[in-house]
Amino acid sequence: NNNNNSKTNNNNINNKNIHEEDSFDNTVYSPGVVVEFSSPNIGKPFHAGHLRSTILGNVLANVYESAGYNVHRRNYLGDWGRQVGVVAYGFDKYGSAEVFAKEGLKHLLDVYVKATKEMNEDDNVREIVSSYCNKLEKGDEEAMKVWEHFRTRSVASYRQLYGRLGVLFSEYDFESNYAHIVDQVVALVQRKVKENVNSSIVIKEGEQEQQGQGLQEEGDSDVNIKCNGAVVVDLTKEGLAHSVLQKSDGTSTYLSRDLGAILSRIGHTDVKEYLYVVANEQTLHFQQLLHVLAAVDEDVAKKCQHIPFGLVEGLSSRKGNVVFLADILDETKQRMLETMDEHTYCDGNETIEQQQVFGREATAEVLALSSVVVQDLKAKRVKNYRFDWERMLQTTGDTGVFLQYTHARLCSIERNNADLQPYVLHSTGDESKRGVVDVEWRQDVVDCEHVQRIAHLLQQKFYIRDTVIRTKEPSIHVQYLLQLSRVVSSALHTLKVKGESNEELARQRLTILCSAKKTIADGLTLLGLTPLQRV
């Protein structure tokens with residue numbers, strides 16, 4: 001109703017968090033949060049599982065930072081253990097320096113697959129791989145040289161992909177940094193278990209057993225485990241399988257290296273939470289790790305949490321091949337370019353050249369990444385999801401392209417009304433006063449159902465952020481952005497700004513839309529995406 005210029009009390013809109021001068025409350029909390037994510041194994045290309053960990057971990061780190069936490073982003077790379085020996089053996093037999101220089105990690109994967117097949121069929125190959133790993137543990141110069149070459153090339157390749165994803169890390173850490181302290185880790189675990197009369201953990205070594213004094217050896221259902229000189233942690237009392245802490249030849253294991261890593265790291269920092277963003281398949285390992293860690297230092301164990309996630313299913317290229325991250329991004333970008341060629345989204349008052357200031361290729365890259373990220377995050381993280389090339393590139397529906405397109409449409413409205421400045425609703429530290437500004441809202445604006453729905457969602461911005469932190473569930477944030485974008489899209493036909501004869505009505509409508517635009521932009525940024533002003 002354009003003729004309704006009546007005033008109203010301001011509580012219905014002003015107390016809703018519909019626009020912020022600052023994106024978030026930037027109060028810095030003293031406790032730190034460590035998010036350990038991505039963590040690929042050297043010698044292997046970056047695959048979809050690592051992509052999920054990278055996306056989830058990056059978003060969680062971004063959300064924590066937006067709430068003022070001091071976040072440490074750690075990438076803990078698997079550069080030690082049997083897989084390194086398999087790659088070394090495979091490259092020695094099947095590898096080519098020339099092909100490696102050209103194809104990089106894809107060539108290492110080829111030799112790894114061949115070597116693994118051999119190892120599974122021939123015990124002699126298994127012995128050769130074990131011998132190489134043993135040499136590494138002892139610091140053999142030649143073995144270390146080969147290992148360092150593979151690691152350097154792998155990390156360089158990963159850094160390139162992280163740059164493309166827009167992901168930064170506070171630190172690159174390596175399993176190898178903790179292999180040399182296995183004796184100290186084993187001694188510490190043995191001592192703590194022995195001291196704790198309530199411990200349900202049993203340490204088995206050779207033909208001997210050590211256990212908490214409160215346990216009875218007699219009748220122990222797992223007393224006959226053959227350790228063969230290895231140090232084994234028996235967690236059957238906790239309903240978990242036993243795990244090797246130190247091999248019979250004295251070398252470290254995944255468990256002992258992870259124990260050494262967390263005990264070394266967390267003792268030097270003021271950490272409130274330590275999050276391991278690792279796939280569901282590693283659930284047993286982390287259950288074992290945290291149970292043993294609790295026996296050593298219960299306070300540290302309480303700060304640690306495994307953030308599991310499901311698998312990506314149905315991932316293959318047009319050629320039918322399983323693809324890795326670089327292939328995923330390249331193919332998604334190419335498909336996006338084809339879609340852009342088929343559809344021209346016009347501002348109305350701008351030429352195609354003006355709209356493509358950001359660059360066609362750069363726009364396609366952002367849209368491709370937006371498609372992958374939103375498809376990955378829109379369902380709960382613990383669920384497997386099916387990778388769907390066609391659906392994720394759609395401009396409608398629950399897609400990253402839809403989020404970017406909605407933001408670009410709102411940017412277009414703001415550009416086309418450059419002579420009309422929206423009100424800025426200032427953010428304050430007082431939650432009850434967020435969004436309060438001296439605007440005399442028109443009754444027809446307050447009563448508009450579209451405005452009410454948008455304002456209701458904008459009010460939830462900080463609640464959504466806090467819920468993501470509490471649940472470690474980024475899908476809540478993505479679903480919020482999708483819902484807001486759907487509500488905004490349905491409102492655009494009603495909340496017209498250009499051509500509205502009543503300037504104050506137009507300005508208040510623009511204020512609402514610009515508030516939504518800013519919230520969507522902030523939300524895209526938390527997803528690690530660049531908000532596009534033009535599509």
Worksheet item: Is there a donor-acceptor pair under 3.5 Å between the side chain of E273 and the backbone N or O of G32?
Response: no
**Prompt:** Does Q375 use its side chain to pair, donor to acceptor, with the backbone of G400 at less than 3.5 Å?
**Reply:** no
Point to revise | Test item: C411 and R534 side chains (from C-beta on) under 4.5 Å apart, heavy atoms | key: no
State, with a plain yes or no, whether a side-chain heavy atom of V374 is found less than 4.5 Å away from one of D398. no
Can you confirm if the aromatic rings of Y76 and F174 lie within a centre distance of less than 6.0 Å? no
Handout entry: Carboxylate-amine/guanidinium proximity below 4.0 Å for E331 and R335
Key = yes
Worksheet item: Could you walk me through whether Q452 and H456 pass the side-chain hydrogen bond (donor to acceptor under 3.5 Å, both in side chains) check?
Response: CA-CA 6 Å; Q452 290 174 358; H456 173 71; over 6 Å; no
Tightest non-hydrogen contact, residues H306 and V278, listed as NE2-O, 2.9 Å
Requested in this report: Please step through side-chain hydrogen bond (donor to acceptor under 3.5 Å, both in side chains) for the pair Y274 and K302, ending with a clear verdict.
Outcome: CA-CA 9 Å; Y274 197 110; K302 286 179 178 178; over 6 Å; no
So L527 and V478, side-chain contact (heavy atoms from CB on, under 4.5 Å) or not? Walk me through it. CA-CA 8 Å; L527 295 179; V478 172; 3.8 Å; yes
*asked:* Between N58 and T54 (side chain of the first, backbone of the second, donor and acceptor by atom type, cut-off under 3.5 Å), is there such a pair?
replied: no
Spell out, as yes or no, whether a donor-acceptor pair under 3.5 Å connects the side chain of T152 to the backbone of H149.
-> no
- Do V84 and N41 touch side chain to side chain, with heavy atoms closer than 4.5 Å? no
*asked:* Can you confirm whether V312 sits close enough to Y385 that some side-chain heavy atom of one is under 4.5 Å from a side-chain heavy atom of the other?
replied: yes
Side chain to side chain contact (heavy atoms under 4.5 Å, CB included) with F150: of V155, L105, V87, only one passes, and it is V87
Next on the checklist: Between S157 and R153 (side chain of the first, backbone of the second, donor and acceptor by atom type, cut-off under 3.5 Å), is there such a pair?
Outcome noted: no
Check your understanding: So, are E65 and R73 salt-bridged, with charged N and O less than 4.0 Å apart?
Key -> yes
Check your understanding: Can you check whether I55 reaches F309 side chain to side chain, under 4.5 Å on heavy atoms?
Key -> no
Nearest heavy-atom contact between N75 and P40 is OD1-CD, 3.7 Å
Those residues at least two apart in sequence (or on a different chain) that pass ring pair (Phe, Tyr, Trp, His ring centres under 6.0 Å) with Y480 are none
dist L403:CG -> R486:CZ (nearest 0.5 Å) comes out at 9.5 Å
Legend entry - Non-hydrogen side-chain atoms of L337 and E361 separated by less than 4.5 Å: yes
Open item on the list: Taking V63's backbone N and O only, do any of them form a donor-acceptor pair with S66's side chain (distance below 3.5 Å, no angle check)?
Closed with: yes
CG of L513 to CD of Q508, rounded to nearest 0.5 Å, is 12.0 Å
Taken to the nearest 0.5 Å, the spacing of L529 CG from L369 CG works out to 5.5 Å
| query | When you look at F37 and V167, which way does the side-chain contact (heavy atoms from CB on, under 4.5 Å) test go after all the steps? | reply | CA-CA 11 Å; F37 63 104; V167 174; 4.0 Å; yes
Here the pair of heavy atoms bringing G310 nearest to R52 is O-NH1, 3.0 Å
| field | Electrostatic pair K380:E473 at N-O distance under 4.0 angstrom | value | no
Is the backbone N or O of T363 less than 3.5 Å from a side-chain atom of Q404, with the two atoms forming a donor-acceptor pair by type? no
Heavy atoms of other groups near L168 CG, more than 12 under 6.0 Å:
no
Is the centre of the F91 ring less than 6.0 Å from the centre of the F100 ring? yes
Taking atom CD of Q160 as the centre, does the number of heavy atoms from other residues, nucleotides or ligands within less than 6.0 Å exceed 12?
no
Evaluate side-chain contact (heavy atoms from CB on, under 4.5 Å) for N70 paired with V33, printing each intermediate quantity in order. CA-CA 6 Å; N70 178 24; V33 175; over 6 Å; no
Across all chains, not counting sequence neighbours, the ring pair (Phe, Tyr, Trp, His ring centres under 6.0 Å) partners of Y112 are none
When rounded to the nearest 0.5 Å, the distance separating CD of E500 from CG of L495 is 10.5 Å
(message) Taking P308's backbone N and O only, do any of them form a donor-acceptor pair with R381's side chain (distance below 3.5 Å, no angle check)?
(response) yes
For M336 and A368, the nearest pair of non-hydrogen atoms, with its separation, is CG-N, 4.5 Å
Applied to residues 164-176, the side chain to side chain donor-acceptor pair (under 3.5 Å) test, sequence neighbours excluded, yields H72-E171, R74-E171, D79-S176, R151-S176, R164-D330, R164-E365, D173-N177, D173-Y178, D173-R265, E175-R257
**Asked** Below 4.0 angstrom, N of the basic side chain to O of the carboxylate: do D522 and K518 qualify?
**Response** yes
Original post:
Do R507 side-chain atoms and Q421 backbone N/O form a donor-acceptor pair below 3.5 Å?
Top reply: yes
message = I'd like to check S485 versus I520 (side-chain heavy atoms, cut-off strictly below 4.5 Å). Are they in contact?
response = yes
Q.
Under 3.5 Å, is there a donor on one side chain and an acceptor on the other for Y162 and S38?
A. yes
Here the pair of heavy atoms bringing S39 nearest to E36 is OG-CG, 4.2 Å
What one should report as the nearest heavy-atom pair of L510 and P422 is CD2-CD, 4.0 Å
Output for pair (D258 CG, L289 CG), nearest 0.5 Å, gives 5.5 Å
_side-chain contact (heavy atoms from CB on, under 4.5 Å) between H407 and L410, intermediate numbers included_ = CA-CA 5 Å; H407 179 263; L410 293 172; 5.8 Å; no
Item to complete: For residues S489 and F402, determine if any side-chain heavy atom of one lies less than 4.5 Å from a side-chain heavy atom of the other.
Response: yes
Rounding to 0.5 Å, atoms CZ (R509) and CG (L492) come to a distance of 11.5 Å
Determine the interplanar angle of the Y276 and F286 rings, folded into 0 to 90°, and report it as parallel if under 30°, tilted if 30 to 60°, perpendicular if over 60°.
tilted
*Between Q83 (side chain) and G78 (backbone), is there a donor-acceptor pair under 3.5 Å?*
yes
